[in-house]
S.K.: 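Structure in structure tokens, see below.
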Amino acid sequence: MLAYLGQPEKYDRARGRLSTYLLDIAKKKAIDRLRARSAAERRDDTYAALVEVRGTDPKQTMEAKVEAQRLWEMVEGALPQERDRQAIALILSGEGSTDVLAEALGLTGIPAAELRRRVKQHRDRLIKVLERLLESLEARRGHDQGT
């Protein structure tokens, strides 16, 4: 009824009675509400499946911290320069800014195009170091599980 009152010019008397027109509007609105409710429920279910709220086992938390410390010690061994370790920490945290990485790497006073090139070289080098560390760690784990 409100849809008709808001836009009465949409009703075409030649196409049918007013009651039929109003019934059709009500039917379409009801279908829209059902679809919206179903879509909201699907979104909620999908979200709930992706993000489960779980309590973390303190033992697992401690083991993860110990493992992270071991991995970082491996990074420190593979990258003796502090600037490289700072850059790796930034990269692992998702930092992608050339300026921020350049500052961590100590690259200053360089034209922008050259700076981007050098930061990319350093980033690629550091990622290769990480990949090698992970490969050696996986190989060690496979060897430990095999014995």
S.K.: Pairs under 3.5 angstrom only: tabulate donor-acceptor contacts from the side chains of residues 34-42 to other protein residues two or more places apart or in another chain.
M.R.:
from  : atom 1 : to    : atom 2 : distance (Å)
Ser38 : OG     : Leu34 : O      : 3.0

S.K.: Do any pairs count as a side-chain hydrogen bond (donor to acceptor under 3.5 Å, both in side chains) and have a residue in residues 101-118, sequence neighbours left out, and if so which ones?
M.R.: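 Every pair satisfying side-chain hydrogen bond (donor to acceptor under 3.5 Å, both in side chains) with a residue in residues 101-118: Glu114-Arg117, Glu114-Arg118, Arg117-Gln121.
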S.K.: Kindly write out the residues that satisfy side-chain contact (heavy atoms from CB on, under 4.5 Å) with Lys128, not counting sequence neighbours, or none if the list is empty.
M.R.: Glu131, Arg132
S.K.: Mind checking the CZ-CG spacing from Arg83 to Leu107? Nearest 0.5 Å is all I need.
M.R.: 7.0 Å
S.K.: Mind checking the CG-NZ spacing from Leu22 to Lys27? Nearest 0.5 Å is all I need.
M.R.: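 Answer for the CG-NZ pair, Leu22 versus Lys27, is 14.5 Å.
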S.K.: CD of Gln86 to CG of Leu126: how many Å apart, nearest 0.5 Å?
M.R.: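 Interatomic distance, Gln86 CD to Leu126 CG, rounded to 0.5 Å: 11.5 Å.
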S.K.: Within this structure, what is the CG-CG distance for the pair Leu90 and Leu101, rounded to the nearest 0.5 Å?
M.R.: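 Those atoms lie 6.0 Å apart.
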S.K.: Which residues satisfy the salt bridge (charged side-chain N to carboxylate O under 4.0 Å, His left out) test with Asp44, sequence neighbours excluded?
M.R.: none
S.K.: Write out all pairs satisfying salt bridge (Lys or Arg N to Asp or Glu O under 4.0 Å) with one or both partners inside residues 84-93, taking only residues at least two apart or from two chains.
M.R.: Glu82-Arg85, Asp84-Arg125
S.K.: What's the shortest heavy-atom distance between Glu67 and Leu137, and which atoms?
M.R.: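 So the two residues come closest at OE2-CD2, 4.3 Å.
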S.K.: Indicate yes or no: at least one non-hydrogen side-chain atom of Leu92 is less than 4.5 angstrom from one of Leu130.
M.R.: yes
S.K.: Strictly below 4.0 Å, N to O, side chains only: are Asp32 and Lys28 in salt-bridge contact?
M.R.: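 So Asp32 does not pair with Lys28 through a salt bridge.
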S.K.: For residues 71-80, which side-chain donor-acceptor pairs fall under 3.5 Å, sequence neighbours excluded?
M.R.:
from  : atom 1 : to    : atom 2 : distance (Å)
Trp72 : NE1    : Glu76 : OE2    : 3.3
Glu73 : OE2    : Gln69 : NE2    : 3.4

